[in-house]
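Below is one structure, written out as structure tokens; comments come after it.
Order of the sequence lines fixes the chain letters, A, B, ..., with proteins taken first and strands second; residue numbering starts at 1 for each chain. Hydrogens, waters and symmetry mates play no part in the numbers below; they use all other heavy atoms, side chains included. Note that the structure is predicted; figures quoted are calculated from it, not measured.
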Number of protein chains: 2
Amino acid sequence: MSSLGVRVGYNGRMSERPFHHGNLRTVLLDQAELALRTRGVEELSLRELAREVGVSHGAPRSHFIDRKALLDALAERGFRTLAAAMRAAAESHSEYADGLRAAGHAYLDFAVSNAALLDLMFTAKTDTPPDGLLAAAETLFSTISDVMESGVPAGFFREAEIGRLTLLMSATMQGISTFVSAGRVSLAVGDQLIDDAIALFLGRALE
Amino acid sequence: MSSLGVRVGYNGRMSERPFHHGNLRTVLLDQAELALRTRGVEELSLRELAREVGVSHGAPRSHFIDRKALLDALAERGFRTLAAAMRAAAESHSEYADGLRAAGHAYLDFAVSNAALLDLMFTAKTDTPPDGLLAAAETLFSTISDVMESGVPAGFFREAEIGRLTLLMSATMQGISTFVSAGRVSLAVGDQLIDDAIALFLGRALE
DNA sequence: ACCTGAACACCGTTCAAGT
DNA sequence: ACCTGAACACCGTTCAAGT
């Protein structure tokens, strides 16, 4: 273990540590995200994570009270990542409808790359989720609400219906993502469905 | 054990058995469905199921090769139950739009009563699901397709767009159900969203 | 404060053996 | 054909102990 770094006694904050001390929490989350992507939730084991990261099996306990807490932390990061991706997509187009479409496709892209994570984000593991998770979820929904809202001045939506349209839009993207992740439809059809849905929202016919 | 029933030797097909012999498979599935509803997937254990049903922990193996196979069988039943519920709902109204709405609400009702099961139905546990599961999923989608199709003669939809509309309609119901199950929105709002979505599909404005 | 390592009670899965 | 029960390798969680 001396080959991994210099170890000094208790309170030796400035010393080099095996490599992860000080951010084991983040390292565990990163590794967990990878495991989630490659092996799925069911196969995600705290002990295996600890092994992969090079700490004892009891170490994660210092950062996550139990397995569910780690999964919640993952879901929280997921909400923030998705919100940021949608905002960036929406802002990368000057034409409103293009931005809205881009945001929709960003949702599906995230879903395809993080199927198990999206599942985690929308599966109630507790009746009372931790505050951080709720706040992160709010971030996503307020982002989507903002995207819808900016269609009002241009005359695409009416202010009074923004709340319901935001939920409907979110639910539609979520449903399409679920179908693609589950293999019910291909990614190409999923993208098509996103466009169809948005066309419907914008009040145009399907073709 | 003789108090549970008369036991005779091998090949004694006509004899009374402890109570479940001959349909342990069904009994296990029923118990699993209950466990899924009350405790969730994560807490669903084969050994506990066996205990609750009164057989040894190895017994389920005779009917399900592994845990995943039992979950797949549950999902399969779920698809058929949901398909039947939607068909019944749609057929219980003479006015087309009413039937469509009823079918939508039937989907949400099923989702609320069977949140963990619906999750199971749309979570790819394998890249190649067993044939039975695929067939059951097809039953659901062809049912929804039928419901949409019967809106064509009445002029609600055009024949050419039925395929895409069926997928979009299904995805929308799935997304709304996910939101309600996850506690993101209340059941009341969920029902509202179903109505909003269908109004949108029928080409009317939201109010 | 953070991590280690033993201990405990649970799993899923396999498989020889019974009937 | 269907079920039993031992065996195995793995978990999550707890907790005293180290630094």
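Within the structure, every side-chain polar atom (N or O) of B:Ser45 is placed at least 4.0 Å from both OP1 and OP2 of C:dC10. Between B:Ser56 and D:dC3, a side-chain N or O to OP1/OP2 separation shorter than 4.0 Å is absent. Not one side-chain nitrogen or oxygen of A:Arg61 sits closer than 4.0 Å to the OP1 or OP2 atom of C:dG5. Remark: B:His63 is not in phosphate contact with D:dA1, judged by side-chain N or O atoms under 4.0 Å from OP1 or OP2. For the OP1/OP2 pair of C:dA6 and a distance below 4.0 Å, the side-chain nitrogens and oxygens of A:His57 include no atom meeting the criterion.
Closest heavy-atom contact between A:Leu202 and A:Phe157: CD2-CZ, 3.8 Å.
Computed from coordinates, the A:Arg67 CZ to D:dT13 C1' distance equals 13 Å when rounded to whole Å. Nucleotide C:dC11 holds its C1' atom 15 Å from the CD atom of B:Glu52, rounded to whole Å. Rounded to whole Å, the distance from CD on B:Glu48 to C1' on C:dA9 is 13 Å. Residue B:Phe64 contributes atom CZ, which lies 13 Å from atom P of C:dT13 at whole-angstrom precision. Here the C1' atom of nucleotide C:dG12 and the CD atom of B:Glu42 are 14 Å apart, to the nearest Å. For the pair A:Ile65 CD1 and D:dC15 P, the interatomic distance rounds to 10 Å; values are reported in whole Å. Rounded to an integer number of Å, the gap from NZ of A:Lys68 to C1' of D:dC11 is 17 Å. Here the C1' atom of nucleotide D:dT13 and the CG atom of A:Leu46 are 10 Å apart, to the nearest Å.
If you check every strand for non-hydrogen atoms under 4.0 Å, B:Ser62 touches a base. Within 4.0 Å (heavy atoms only), A:Arg47 reaches at least one base atom of the nucleic acid.
Pairing partner, C:dC2: D:dG18, with both Watson-Crick or wobble hydrogen-bond distances short of 3.5 Å. In a base pair of the Watson-Crick type (N1 to N3 plus N6-O4 or O6-N4) or a G-U wobble (N1-O2 and O6-N3), with each distance short of 3.5 Å, D:dC10 is matched with no nucleotide.
Applying the side chain to side chain contact (heavy atoms under 4.5 Å, CB included) test between B:Asp30 and each of B:Leu34, B:Thr26, B:Leu28 identifies B:Thr26 as the sole match.
Across D:dG12, C:dC2, D:dT4, the shortest atom-to-atom separation from the side chain of B:Val55 is found for D:dT4. Set against C:dT13, D:dT13, D:dC3, the side chain of B:Asp66 has C:dT13 as its closest nucleotide.
A distance of 13.0 Å separates OG1 in A:Thr143 from CD in A:Glu149, rounded to the nearest 0.5 Å. The line from OG of A:Ser45 to CZ of A:Arg67 is 8.0 Å long, rounded to the nearest 0.5 Å.
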- prompt: Run the ring pair (Phe, Tyr, Trp, His ring centres under 6.0 Å) check on A:Phe79 and A:Phe122 step by step: do they pass?
  reply: CA-CA 10 Å; A:Phe79 276 120; A:Phe122 287 103; 5.5 Å; yes
